[in-house]
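Keep in mind that the numbers below use all heavy atoms, side chains included, and drop hydrogens, waters and symmetry copies. These figures come from a predicted structure and were not determined experimentally.
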Amino acid sequence: MPLDIPALCRILHGLLIHEAWIEKQGFDPAAFSGQSRATLPVSKRLDQLLAIDPRPLTIARPGELRALATCRDFALMLCAVLRQHGVPARVRCGFATYFSGHPYHDHWVCEYWAQGEQRWVLVDAELDEPHRNHLKFDFEPTDVPRTAFITGIEAWQRCRSGAMDPEQLGHGTTTGLFFARVNLARDLLALAKRETSRWDTWRAAREPHLALDASALSLCDGLAQRGEEGAVGIAPSLSVPPWQ
């Protein structure tokens, strides 16, 4: 695949389809029966894609021949290709402002280091023209503004400082500080290259795990601070942690 981020995103649009957008794009959900929404390691995802259609991955598949995916799959696939090209890249879990349902909606993107600009750039590889037409966002998905997506680390810190109402963020019916903690944990795990979803079982959480006592709050505050120090504004080099 080429080292051309807009082109890579277009290639991914022809390989994957988000489960929530199947019908919105006019495809039959029955065509994807038997596929799991679990995020696969990229090697297994490539095996799956080539089993469905053995043609080169640069050839766009018809909708029914794409692999069922979530936003995390788009981010992980782009991240893997960039790393293969030697570009520092990482998956970020957080909240986007450009979806319906919540002011800050649970979402995953890819972040890469733009050497010439000396900054980390957010890319939402899921967003294609049907998304633009439906969501009416006014930015380029290859350079998502920091006001349109906040990481799990940022969301936790904003909630704890009082700058954000935790009820503004969530996924489906799950909102509040509990979900801020979920995405704090997922963002930190992704930074540590634990991007796939085998460990990701927050949907099964029940009381007393939904409540956060003083000890849990303090632990998360410390983790968020350490995560911010390790992730924000640090140029990649051989001397920094492996997620850089």
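- Under the 4.5 Å side-chain criterion, counting only non-hydrogen atoms from C-beta, Leu82 is in contact with Cys110.
- Between Ala180 and Cys159 the shortest heavy-atom distance is CB-SG, 4.4 Å.
- A side-chain donor-acceptor contact under 3.5 Å links His102 to the backbone of Gly172.
- Taking every heavy atom of both residues into account, Ile153 and Gly227 meet most closely at CD1-C, 3.6 Å.
- When all heavy atoms of Phe139 and Ala148 are compared, the closest pair comes out as CE2-CB, 4.2 Å.
- Considering only heavy atoms from C-beta on, Thr196 comes within 4.5 Å of Leu76 through its side chain.
- Looking only at distances, a side-chain donor or acceptor of Arg66 sits under 3.5 Å from a matching main-chain atom of Arg61.
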Contacts under 3.5 angstrom, residues 46-53 side chains, donor-acceptor by atom type, not counting sequence neighbours:
| residue | atom | partner | partner atom | Å |
| --- | --- | --- | --- | --- |
| Gln48 | OE1 | Arg45 | NH1 | 2.6 |
| Gln48 | NE2 | Gln35 | OE1 | 3.3 |
| Asp53 | OD1 | Arg55 | N | 3.1 |
| Asp53 | OD1 | Arg55 | NE | 3.1 |
| Asp53 | OD2 | Arg55 | NE | 3.2 |
| Asp53 | OD2 | Arg55 | NH2 | 2.8 |

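- Closest of all the heavy-atom pairs between Trp21 and Pro130 is CZ3-O, 4.0 Å.
- In terms of modelled atom types and a separation under 3.5 Å, the side chain of Asp213 and the main chain of Ala216 share a donor-acceptor contact.
- The closest side-chain heavy-atom distance from Tyr98 to Val144 is below 4.5 Å.
- Here the side chain of Gln118 pairs a donor or acceptor atom with the backbone of Gln115 at under 3.5 angstrom.
- For Asp124 and His131, the side-chain atoms include no donor-acceptor pair closer than 3.5 Å.
- Sorted by first and then second residue, the side chain to side chain donor-acceptor pair (under 3.5 Å) pairs with a member in residues 179-192 read Arg92-Asp187, Asp106-Asn183, Asp106-Arg186, Asn183-Arg186, Arg186-Asp200; sequence neighbours excluded.
- You'll find the side chain of Ile150 stays beyond 4.5 Å of the side chain of Trp156, heavy atoms only.
- Applying the side chain to side chain donor-acceptor pair (under 3.5 Å) test to pairs two or more places apart or on separate chains, those with a residue in residues 1-19 are Glu19-Arg37.
- Residues passing the salt bridge (Lys or Arg N to Asp or Glu O under 4.0 Å) test with Glu167, sequence neighbours excluded: none.
- For Met1 against Leu8, the heavy-atom pair with the smallest separation is CB-CD2, 3.6 Å.
- Checked by atom type and distance alone, the side chain of Ser161 pairs as donor or acceptor with a backbone atom of Gln157 at under 3.5 Å.
- Residues Asp73 and Leu40 approach most closely at OD1-N, 3.8 Å, considering heavy atoms.
- A 4.5 Å side-chain heavy-atom check between Thr175 and Leu169 finds every atom pair outside the cut-off.
- Within the 4.5 Å cutoff, no side-chain heavy atoms of Ile22 are placed close to those of Asp28.
- Looking only at side-chain heavy atoms (C-beta outward), Val87 and Trp113 stay at 4.5 Å or farther from each other.
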side-chain contact (heavy atoms from CB on, under 4.5 Å) for Phe149 and Thr97? Distances and angles first, verdict last. CA-CA 6 Å; Phe149 179 88; Thr97 63; over 6 Å; no

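- Side-chain N or O atoms of Lys193 include none that pairs as donor or acceptor with a backbone N or O of Ala190 at under 3.5 Å.
- Counting only heavy atoms from C-beta outward, the side chains of Phe95 and Gln168 never approach each other to under 4.5 Å.
- Both the sub-6.0 Å distance and the 45° axial angle are satisfied by Arg90 relative to the ring of Trp120.
- For the salt bridge (Lys or Arg N to Asp or Glu O under 4.0 Å) test, residues two or more places apart in sequence or in another chain that qualify with Glu129 are Arg132.
- In this structure, His171 and His105 have tilted ring planes: the angle between them lies in the 30° to 60° band.
- Applying the salt bridge (Lys or Arg N to Asp or Glu O under 4.0 Å) rule to pairs touching residues 142-162 yields Glu111-Arg146, Arg119-Asp143, Arg160-Asp221, sequence neighbours excluded.
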